[in-house]
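Computed from a predicted model, the values in this text were never measured in an experiment. Sequential numbering from 1 along the given sequence is applied to the chain's residues.
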Amino acid sequence: MFKWLDPYAKPQVLFATLLWWQRGLMPLAIVVLLLGTIWGLGFTPADYQQGDSYRIIHVHVPAAIWSMGVYAWMAIAAFIALVWQVKTAQWAIGAMAPIGAVYTLIALFTGAAWGKPMWGTWWVWDARLTSELILLFLFLGVMALQNAFADRQTGDKAASVLAVVGVVNLPIIHYSVEWWNTLHQGATITKFAKPSMDPSMLWPLLICILGFALLFGALTCLRLRTAILQHEAHRPWVRQYVEEQQHA
């Protein structure tokens, strides 16, 4: 069923493919993020209740959405690594985890900055905030486990298990505002029948969400290429690539 993916399990083939994707995704991510943030932070109208403070939504919401998105992709890679023993999938976990941790930190920090004028405090043990904080600990736990054992394979397996088990936290984050009585507001861009945002505010937000996704893709390509070089340093093709780069 997935035979077409077999070539990409080979580090050399994957390395070349990632280089092609990285060259396309990185400049596109920069352009899209600049467009979305400049439009959202500088040119959208003020909210009738929150004034200009709501503009942080153009950073907070994309970071929060893709903190969960990165973890989902990491869990998929972990499942592939555990079931099919694909070493490049295992390396992908290490490539994605720091990106997800940074996205989660951005979501928590901007959420606190947004919550201060709205709630009168930087932090409350709200269900959404607490489950997002747990997500940060999961990312850090995966990163720590990969380097916690003398035998790297044991650490990789333990990190993969944690990544798969931790995916249960994602629906908790998403549905927390519906399952419990929380301060955090409900969904704004998933209510397609009755949009909660004016199009002048919605479009730059959607562009920022796309920009964060593209940046995640570009950074993952970059980090996974680095991981391949580190793990395959003894291979002739890696030595040849390094020599070519030194003489370029």
Legend entry - Step-by-step side-chain contact (heavy atoms from CB on, under 4.5 Å) determination, Gln90 to Gln85: CA-CA 8 Å; Gln90 187 63 65; Gln85 302 296 309; over 6 Å; no
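- Taking every heavy atom of both residues into account, Ile106 and Val59 meet most closely at CG2-CG1, 3.8 Å.
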Inset, instruction - Start with the C-alpha distance between Trp66 and Ile99, add both sets of side-chain angles, then the distance that settles side-chain contact (heavy atoms from CB on, under 4.5 Å), and finish with yes or no. - result: CA-CA 10 Å; Trp66 282 107; Ile99 303 171; over 6 Å; no
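- Heavy atoms of other residues, nucleotides or ligands lying less than 6.0 angstrom from CD of Gln153 number 12 at most.
- Nearest heavy atom pair, residue Arg235 against residue Lys87, reads NH2-NZ, 4.1 Å.
- Hydrophobic cluster membership differs between Ile38 and Val31, with clusters built from Ile, Leu, Val, Met, Phe, Trp and Tyr side chains linked at under 4.5 angstrom.
- Under the 4.5 Å side-chain heavy-atom criterion for Ile, Leu, Val, Met, Phe, Trp and Tyr, Leu170 and Phe79 are members of the same hydrophobic cluster.
- A ring-centre distance under 6.0 Å is found for Phe15 and Tyr241.
- Leu33 and Phe43 end up in the same hydrophobic cluster when Ile, Leu, Val, Met, Phe, Trp and Tyr side chains are linked at under 4.5 Å.
- Residues Phe216 and Met96 meet the side-chain proximity criterion, which asks for heavy atoms closer than 4.5 Å.
- Counting all heavy atoms, side chain and backbone alike, Ala75 lies closest to Ala163 at CB-O, 3.7 Å.
- Listed here is the closest heavy atom pair of Pro98 and Arg223: CG-NH2, 3.2 Å.
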Inset, instruction - Give the intermediate values and the outcome of side-chain contact (heavy atoms from CB on, under 4.5 Å) for residues Ile134 and Ile172. - result: CA-CA 11 Å; Ile134 292 172; Ile172 295 176; over 6 Å; no
Inset, instruction - Could you please spell out the steps behind the side-chain contact (heavy atoms from CB on, under 4.5 Å) verdict for Val32 and Leu28? - result: CA-CA 6 Å; Val32 172; Leu28 185 60; 4.1 Å; yes
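- Shown here is Trp203, whose CH2 atom has no more than 12 heavy atoms of other residues, nucleotides or ligands within 6.0 Å.
- Applying the 6.0 Å contact sphere to CZ of Arg152 captures more than 12 heavy atoms from other residues, nucleotides or ligands.
- Of all the heavy atoms in Leu135 and Asn169, the pair that sits closest is N-ND2, 3.6 Å.
- Between Glu232 and Lys10, none of the side-chain N atoms (NZ, or NE/NH1/NH2) sits under 4.0 Å from a carboxylate O, so this pair counts as no salt bridge.
- In this structure, Tyr54 has its ring center no closer than 6.0 Å to that of Trp114.
- Side chains of Thr104 and Tyr71: no donor on one and acceptor on the other come within 3.5 Å.
- Scanning both residues, Arg55 and Ala46, for their nearest heavy atoms gives NH2-N, 3.9 Å.
- No donor-acceptor pair closer than 3.5 Å links the side chain of Thr130 to the backbone N or O of Ala127.
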